[in-house]
Number of protein chains: 2
Amino acid sequence: MKRSRVTLADVAAMARVDRAVVSRVINKDPTLNIRQETRERVLTAIDRLGYRPNVAARSLRTARAHMFGLFIPDFANPVYAEIIKGAESEAASQGYVLVTGSAIGAGLGEYMDRIGQGRIDGLLLAGAGDEAGLVEHLDRAAIPWIMLNNRSRSVERYVILDDERAAALAVEHLVRLGHRRIAHLAGPAGADTAGRRSAGYSAAMREARLPEGPIVAAGYTPAGGAAAMARLLDGPERPTAVFVANVASAIGAMEGARSAGLEIPRDVSIVAVHDLELASYLFPALTTVRMPLAELGRRGVTLLAGLKPDDKVAEVLAGPIELIQRRSTAPPPG
Amino acid sequence: MKRSRVTLADVAAMARVDRAVVSRVINKDPTLNIRQETRERVLTAIDRLGYRPNVAARSLRTARAHMFGLFIPDFANPVYAEIIKGAESEAASQGYVLVTGSAIGAGLGEYMDRIGQGRIDGLLLAGAGDEAGLVEHLDRAAIPWIMLNNRSRSVERYVILDDERAAALAVEHLVRLGHRRIAHLAGPAGADTAGRRSAGYSAAMREARLPEGPIVAAGYTPAGGAAAMARLLDGPERPTAVFVANVASAIGAMEGARSAGLEIPRDVSIVAVHDLELASYLFPALTTVRMPLAELGRRGVTLLAGLKPDDKVAEVLAGPIELIQRRSTAPPPG
DNA sequence: TGTGTACGCTCAAACGATTGATCATGTGAG
DNA sequence: CTCACATGATCAATCGTTTGAGCGTACACA
């Protein structure tokens, strides 16, 4: 491993041209008029020396880092994996590097301080809430940012999915199977996605002229789902189906139902929002509503690339939302 | 949102000192001798102007980016989430930013090109194989790097876990329950972890004076696990227990067993390497061997911070490895 | 009075790439 | 023969920080 500290000047010297020429060749500057032979000398020198541009110098001069950040609450939640994939591939095709970070033992504020100024050209925030001071922190950083999957209360700067429609699809599926007592295992009280899915649930129930079943809120985790399911099944009129706001809670919800001595789907049907590969391997395989999460990440990057600090973004991403029927839903008992 | 392009010079002007003083105050330069009053003027100015150091300029000057990279194959694999968490928190406490990326539609080579030179001070590679040209790419980048969980064939530059011991713990658990026909659902043929876990399986079987059951390799995915399990159960002498090399494949393996009409653990016991929150919510809850994955990430960062490009690292991380007994293992039938 | 030295700062040269301005040379038109 | 202009480059300022070296003042000591 040899300490390669090759600079533009080294390349220029080898190719017997000015540094400016090398720079323009690398950046394909259209104003550059150059002989084919000279260009080749430059290219050969770059190759022979193994030259790679120094990002710090370039960023300093151009005030652009060609890097976007993506901030998520937790890597363990597989739902974010999809978003990351979409965002990464779109960033790559636009010539940006996407870097993903999460807030472990540190809020966004501290994270932004460590990121510093000029390291990233824009920030995507997935799953962030309306934490106090969040917007202020972002604005202090003076870079464009967009929230994914969260309609921030304070500013118009978000891309979301059609969660209401996703919820409606799930509920309609249950109604079509013949269910009438459909409960709702909702997301955490503060979360915007949770609110929209609950709204979709209510709308669909109204549409079907059914009374809203019991509704219990829980975090988007298996543990939360299990606890909430226990409470749902505790009531006098046990629901025959449950619409779960998130696949992670649904995994816990299934366990909760089993602990209560129920068999899925014979005694209770379960359908959840967000599809994962995992869903087909659960027992029973979980019926889900697939959302275009990768597309959400992709769209976020695209918007970010063309965004100025004061621009507004308020978009509900159009994209395929479909019910993936598996084995966790069936007609009600009796 | 105001375009904050505050520089050292602005701060210096406001505090009526030289830029050098501001710089030294910020970096807590011990050689700086300064009056308390002056220091306070500087601090106030920084605060009033909302100054944040420009990372590009700093990196250019110091040739350090204070950023480490972590490269993983796939965000969807929850095993990496643990590694990321450990690495992120350690990086933060050392004053580094950790950025995680994966190779989506691009190999490490292209990724490194986009990362450029000088953006990161070191790279952690988790789950990378011995792909051709990998080491060359890394060496061209002229930064320290370490492989996690993979004993690279070509260079001594890795931290791994004691996979053999993990496998032995799993097998011993099965033996203790009374199993004698213990099959092995191994990892992908090329993977180093797979090899070590298989070695551990063989050693433990030998120790118990049991014949090695059928061994089938599969990728670390649910789909791979399901297919492999089908083949395992296809033989003449059906095993009464299966040691699965990875929790993701185990999820598929459980489904494979069910498809074959078997009940877990009544007909077949299953134990897998790597614990996840998810494991308790599967049906039946999966017995696993917990490995110190977060510690692996943490250790990687620590080593990276003190590594010079030519240093060697070859470490088997000592750390707690324990069997988490749940419901997927029981005495053999009969 | 001269000298040593500690204090509390300031000066200015880097770091490596980008880019508007400039320049030398050759060619064709008038 | 001169001017205009295209071609194919070069020059040099600039981005914002860091950091070794330097500088003025005050005070102590001989």
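Every chain is numbered from 1 and lettered A, B, ... according to where its sequence line falls, protein lines coming before strand lines.
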Among residues at least two apart in sequence or on other chains, which ones pass salt bridge (charged side-chain N to carboxylate O under 4.0 Å, His left out) with B:Arg299?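 Partners of B:Arg299 under the salt bridge (charged side-chain N to carboxylate O under 4.0 Å, His left out) test: B:Glu315.
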Return the set of residues passing salt bridge (charged side-chain N to carboxylate O under 4.0 Å, His left out) with B:Glu295 (not counting sequence neighbours), or none when no residue passes.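 So B:Glu295 forms a salt bridge (charged side-chain N to carboxylate O under 4.0 Å, His left out) with B:Arg298.
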Among residues at least two apart in sequence or on other chains, which ones pass side-chain contact (heavy atoms from CB on, under 4.5 Å) with [X]?
X	result
A:Ser59	A:Val55, A:Ala65, B:Ala56
B:Arg61	none
B:Pro78	B:Leu276
B:Ala305	B:Phe68, B:Gln94

At what angle, to 10 degrees, do the two end axes of the helix from C:dT1-D:dA30 to C:dG30-D:dC1 meet, given five pairs define each axis?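 Answer rounded to 10°: the end axes differ by 70°.
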Under 4.0 Å between a Lys/Arg side-chain N and an Asp/Glu carboxylate O for A:Asp74 and B:Lys85?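 Here A:Asp74 pairs with B:Lys85 in a salt bridge, since their nearest N and O are under 4.0 Å apart.
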Looking at residues 34-46 of chain B, who's got a heavy atom less than 4.0 Å off DNA chain D?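 Hits under 4.0 Å, by residue number: none.
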Could you check how far CG of B:Asn33 sits from C1' of C:dT5, rounded to whole Å?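 Rounded to whole Å, this separation is 13 Å.
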Do any pairs count as a salt bridge (charged side-chain N to carboxylate O under 4.0 Å, His left out) and have a residue in residues 11-26 of chain A, sequence neighbours left out, and if so which ones?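 Listed by first then second residue: A:Arg24-A:Asp29.
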All side chain to side chain donor-acceptor pair (under 3.5 Å) counterparts of B:Thr302, not counting sequence neighbours: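 Once residues adjacent in sequence are excluded, the partners of B:Thr302 under the side chain to side chain donor-acceptor pair (under 3.5 Å) criterion are B:Glu90.
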Exercise answer: donor-acceptor pairs, residues 39-46 of chain A side-chain atoms, under 3.5 Å, sequence neighbours excluded:
{"unit_1": "A:Glu40", "atom_1": "OE2", "unit_2": "A:Gln36", "atom_2": "NE2", "d": "2.9"}
{"unit_1": "A:Arg41", "atom_1": "NE", "unit_2": "A:Ala15", "atom_2": "O", "d": "2.8"}
{"unit_1": "A:Arg41", "atom_1": "NH2", "unit_2": "A:Ala15", "atom_2": "O", "d": "3.1"}
{"unit_1": "A:Thr44", "atom_1": "OG1", "unit_2": "A:Glu40", "atom_2": "O", "d": "2.5"}

Can you check each nucleotide of nucleotides 16-24 of chain C against protein heavy atoms at under 4.0 Å and return B for base, S for sugar-phosphate only, - for none, in 5' to 3' order? BBBBBB---
